[in-house]
Amino acid sequence: MLRKIGFLIAFCGSAALAQTKSTYNAYELFHPLWNYGPVSSARTGAGIPAAGYWQNSVDYKISASLDEAARKISGEVEMTYKNNSPDKLPFLWLQLDQNSFSTQSRGGKSTPISGGRFGNIGFEGGYKIESVFIDGKPANYVVEDTRMQIRLAQPLADKIGVAKIKIVYSFTSPTNGHDRMGIQETKNGAIFTVAQWFPRMCVYDDIEGWNVLPYLGAGEFYLEYGNFEYAITVPASHIVVGSGELVNPTEVYTAEQVKRWTAANQSEKTVIIRSAAEVLDPASRPAKDRLTWKFKCQNARDVAFATSKSFIMDAARINLPSGKKSLAVSVYPVESDGQNAYGRSTEYVKASIEHYSNWLYEYTYPVATNVAGIVSGMEYPGIIFCGYRDQTRSLWGVTDHEFGHNWFPMIVGSNERKFPWMDEGFNTFINFYSTDAFNKGEFKNPKFDMHQLASRIFRENADPIMSIPDVVQPQNLGWEAYNKPGFGLRMLRENILGPDRFDYAFKQYIARWAFKHPTPLDFFKSMEDGAGEDLTWFWRAWFYELWKLDQSVKDVVYIEQDAAKGAIITIENLDKMAMPAVVEVELVSGAKERYTFPVEIWQRGGSWTFKTSTNLPIKSVSIDPDHSFPDINSRNNIWRPLAYRAPNGN
């Protein structure tokens with residue numbers, strides 16, 4: 001059969017040999033009513049907090065002490081909770097995330113026998129609640145797994161209501177708590193990385209009222225903003241670092257360390273506060289039994305700390321675009337020391353925060369601290385926990401990623417319990433650019449070939465990005481929460497909107513929702529409003545569905561069978577997702593011509609035909625020649641003419 005139609009094949013080319021049946025439906029992708037979410041007095045159709053926007057707040061005063069031998073933390077927290085909502089509240093909900101670290105918790109009972117990063121096997125931890133008071137009186141409360149409900153004698157007044165809660169508690173730290181906190185043994189002493197260490201208020205918002213999903217481990221946190229004052233009492237041999245500003249340095253550092261700390265605040269280069277040689281020197285700590293370290297952290301959603309007698313410490317100045325200064329700090333054991341390891345940590349912290357501050361929004365905390373310990377990578381306001389064995393590029397990557405979280409979700413306070421892509425995906429996206437920029441490209445990313453990544457993005461048994469993290473299968477979480485949204489935003493910036501329009505809209509979104517609680521629809525609408533583009537087709541296909549992309553070159557025909565008169569080229573969109581089209585035509589002379597088409601061509605249907613002004617025979621036609629989009633089938637992306645073969649094969 002091929003021999004009899006040899007002339008036709010020579011004319012139409014190789015892409016005509018095998019065409020996939022199209023499943024594309026323009027009416028489904030470009031549906032005019034899809035993604036029209038609720039608009040209320042709190043949120044506008046432009047993705048902006050409206051005149052009626054409100055959110056509740058809570059201020060914390062905490063005192064805690066560490067029993068190092070028992071691995072026990074005892075604490076007392078006072079909360080001042082302000083109800084700014086239009087609703088009277090007959091009860092209050094608090095988060096007790098430590099309760100997940102027990103085999104009897106929901107998290108423990110839903111841990112597979114094989115364990116896992118967020119599992120709990122064989123540890124019976126959790127809070128021991130000694131007392132709960134509300135407005136100075138014993139509270140009527142119940143504890144259910146990782147939540148506490150306080151039932152009020154009288155409803156908390158709307159808009160101006162204030163409740164004062166006091167809780168006395170203790171808990172034993174797990175060795176590894178969901179890879180978010182824990183204890184790392186080193187030869188010079190244990191490193192305690194401490195988080196989820198006090199009862200915290202649940203968020204009450206205009207979207208669903210009380211947000212009371214139990215803490216199982218995979219989903220992270222959704223928290224109200226407020227001001228923190230906290231004091232940590234530990235053995236005097238320890239050094240403590242924490243979120244926010246240390247307010248009593250002269251009481252907890254030696255005179256020499258105070259002098260070095262002051263020098264670091266003025267230094268572009270890393271200054272050693274406590275060296276490896278000094279770790280075992282008693283003179284490097286005040287001659288006392290125990291010390292209390294006092295911190296404050298303003299306009300934050302959480303605080304965490306770390307403490308150890310094994311810490312080396314160094315620091316350097318961070319330069320912010322407003323002219324303000326912050327301080328990059330690193331603490332780590334001697335096992336992590338060295339120029340290829342944590343000896344460069346402060347350099348990494350400084351570079352990461354300066355990059356994001358100049359590009360996105362200025363860093364808001366007076367200190368940024370990297371802690372080497374058992375946690376492989378976890379973020380809290382102004383402090384991060386990273387694996388103590390990390391070196392060179394891996395240490396840069398985890399440091400940059402975790403500090404990127406100070407923008408998402410520390411500044412832009414999205415709901416991580418339900419939408420992990422709004423912090424992990426955004427952060428993966430911004431990490432691409434900070435890595436390329438670091439130290440004149442020392443760790444520059446390779447060029448991403450989206451055709452090669454397509455099979456992983458569109459793999460079988462994937463989960464939609466818009467899935468709560470506890471439903472996403474563990475093997476999928478890295479792609480659905482981090483990589484797919486990160487690459488999607490990169491495509492949106494570089495190949496759909498362009499850097500200028502994307503960056504302008506993205507920074508508007510950050511500024512609008514700084515220290516507030518945006519939803520996915522707020523982000524989608526804000527980006528559309530700032531960029532001047534209807535992107536509902538993109539949000540639906542990439543974030544909500546499991547659709548795939550398959551662009552192809554269907555046909556090339558010379559006008560009147562004469563290459564000198566140009567050609568008619570037909571391209572197709574064969575699967576349910578669509579993207580803009582870039583077509584490259586290469587002539588036999590070696591010259592190349594490019595034709596770019598907006599995504600709107602696919603509003604007309606699944607194929608598009610256009611005319612070229614070429615005057616020479618065509619050597620090849622390719623769609624998406626730079627592999628900018630994740631095309632699942634690269635084989636039909638290139639058309640080449642087939643040489644006519646005579647019946648005798650010559």
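Atoms considered below: every heavy atom in the structure, side chains included; atoms not considered: hydrogens, waters and symmetry mates. Note that this is a predicted model, so its numbers are computed, not measured.
- Between Tyr230 and Phe305, the distance from one ring center to the other does not fall under 6.0 angstrom.
- Between the side chains of Ser74 and Ser65, not a single donor N or O lies within less than 3.5 Å of an accepting N or O.
- A cation-pi arrangement is found for Arg493 relative to Tyr433, the charged atom lying closer than 6.0 Å to the ring centre and inside a 45° cone about the ring normal.
- Between Trp539 and Leu492 the shortest side-chain heavy-atom distance falls below 4.5 Å.
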Candidate pair Phe429 and Phe502, rule ring-ring contact (aromatic ring centres under 6.0 Å, His included), full reasoning: CA-CA 13 Å; Phe429 163 69; Phe502 181 96; 5.2 Å; yes
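- By the 4.0 Å N-to-carboxylate-O rule, Arg180 lies too far from Glu416 to be salt-bridged with it.
- Ser628 meets the side-chain contact (heavy atoms from CB on, under 4.5 Å) test with Asn495, Asp624, Asp626; sequence neighbours excluded.
- Not one N or O on the side chain of Asn176 forms a donor-acceptor pair closer than 3.5 Å with the backbone of Gly182.
- At least one side-chain heavy atom of His517 sits under 4.5 Å from a side-chain heavy atom of Glu224.
- Partners of Glu335 by side-chain contact (heavy atoms from CB on, under 4.5 Å), not counting sequence neighbours, listed by chain and number: Thr186, Lys187, Pro333, Tyr388.
- The two atoms that bring Gly425 and Leu489 nearest to each other are O-CD1, 4.4 Å, heavy atoms only.
- Trp197 and Ala304 make their closest contact through NE1-CA, 3.9 Å (heavy atoms, listed as atom of the first residue, atom of the second, distance).
- Within a 6.0 Å sphere centred on CZ of Arg389, heavy atoms belonging to other residues, nucleotides or ligands number 12 at most.
- No side-chain N or O of Asn445 forms a donor-acceptor pair with one of Thr435 less than 3.5 Å apart.
- For an aromatic pair to be called close, the ring centres must be under 6.0 Å apart, and Phe432 with Phe448 satisfies this.
- Side chain to side chain, Glu268 and Asn319 meet the donor-acceptor criterion of an N or O pair below 3.5 Å.
- Side-chain atoms of Ser102 never come within 3.5 Å of backbone atoms of Glu124 as a donor-acceptor pair (strictly under, hydrogens ignored).
- Proximity of Val349 to Val329: side-chain heavy atoms (C-beta onward) are nowhere separated by under 4.5 Å.
- Between Glu278 and Arg274 there is no salt bridge, since no side-chain N of the basic residue sits under 4.0 Å from a carboxylate O of the acidic one.
- In this structure, Phe228 and Phe198 have perpendicular ring planes: the angle between them is above 60°, well past the 30° mark.
- Salt-bridge formation is detected for the pair Glu185/Arg71: a Lys NZ or Arg NE/NH1/NH2 atom is positioned less than 4.0 Å from an Asp or Glu carboxylate oxygen.
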Chi angles and distances behind the side-chain contact (heavy atoms from CB on, under 4.5 Å) call for Tyr60, Met201: CA-CA 10 Å; Tyr60 295 86; Met201 292 298 304; 3.9 Å; yes
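- There is a side-chain donor-acceptor pair under 3.5 Å between Thr519 and Asp522.
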Met422 and Val412: CA distance, side-chain angles, deciding distance, side-chain contact (heavy atoms from CB on, under 4.5 Å) verdict: CA-CA 9 Å; Met422 291 189 76; Val412 182; over 6 Å; no
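- Looking only at distances, no side-chain donor or acceptor of Tyr348 sits under 3.5 Å from a matching main-chain atom of Phe438.
- Checked by atom type and distance alone, the side chain of Thr175 never pairs as donor or acceptor with a backbone atom of Ile183 at under 3.5 Å.
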Test side-chain contact (heavy atoms from CB on, under 4.5 Å) applied to Leu66 and His238, step by step: CA-CA 11 Å; Leu66 170 68; His238 280 226; 4.0 Å; yes
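- Taking 4.5 Å as the limit, every side-chain heavy atom of Asp97 sits out of range of all side-chain heavy atoms of His178.
- Heavy atoms of other residues, nucleotides or ligands lying less than 6.0 angstrom from CZ of Arg393 number more than 12.
- Looking at Tyr225, its side chain never comes within 3.5 Å of a backbone N or O of Gln298 through a donor-acceptor pair.
- The residues Asp314 and Lys350 are annotated as not salt-bridged, no charged nitrogen and carboxylate oxygen being separated by less than 4.0 angstrom.
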side-chain contact (heavy atoms from CB on, under 4.5 Å) between Glu354 and Ile318, worked out: CA-CA 7 Å; Glu354 288 180 351; Ile318 297 172; 3.8 Å; yes
Full working for side-chain hydrogen bond (donor to acceptor under 3.5 Å, both in side chains) between Asp205 and Asn211: CA-CA 8 Å; Asp205 63 23; Asn211 286 257; 3.2 Å; yes
ring-ring contact (aromatic ring centres under 6.0 Å, His included) evaluation trace for Phe123 with Phe101: CA-CA 7 Å; Phe123 183 75; Phe101 304 137; 7.4 Å; no
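- Relative to the ring axis of Phe221, Arg200 places its NZ or CZ within 45° and under 6.0 Å from the centre.
- For the pair Asn370 (side chain) and Thr346 (backbone), a donor-acceptor distance under 3.5 Å is absent.
- Residues Met450 and Arg490 fail the side-chain proximity criterion, which asks for heavy atoms closer than 4.5 Å.
- Side chain to side chain, Glu379 and His401 fail the donor-acceptor criterion of an N or O pair below 3.5 Å.
- Side-chain atoms of Asn427 and Asn431 form a donor-acceptor pair, as typed in the model, at a separation below 3.5 Å.
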Check against side-chain hydrogen bond (donor to acceptor under 3.5 Å, both in side chains), Tyr356 and Asp400: CA-CA 10 Å; Tyr356 298 131; Asp400 181 51; 2.9 Å; yes
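- Centroid-to-centroid, the aromatic rings of Phe506 and Phe408 come within less than 6.0 Å.
- At a threshold of 4.5 Å between non-hydrogen side-chain atoms, the residues Trp293 and Ile239 count as touching.
- The backbone N or O of Tyr215 lies less than 3.5 Å from a partner atom in the side chain of Thr146, making a donor-acceptor pair.
- Side chain of Glu424 to main chain of Pro485: no donor-acceptor pair is present (N/O by atom type, distance under 3.5 Å, no hydrogens or angles).
- Ser243 places a side-chain N or O within 3.5 Å of a backbone atom of Pro381 that can act as its donor or acceptor partner.
- For the pair His627/Gln452, no side-chain contact is recorded, criterion being any heavy-atom separation below 4.5 Å from C-beta on.
- Side-chain contact, Gln196 with Tyr127: no donor N or O sits under 3.5 Å from an acceptor N or O.
- Here Trp513 and Tyr361 keep their ring centres 6.0 angstrom or further from each other.
- Within the 4.5 Å cutoff, side-chain heavy atoms of Pro174 are placed close to those of Gln98.
- Side-chain rings of Trp421 and Phe426 approach one another, their centers coming within less than 6.0 Å.
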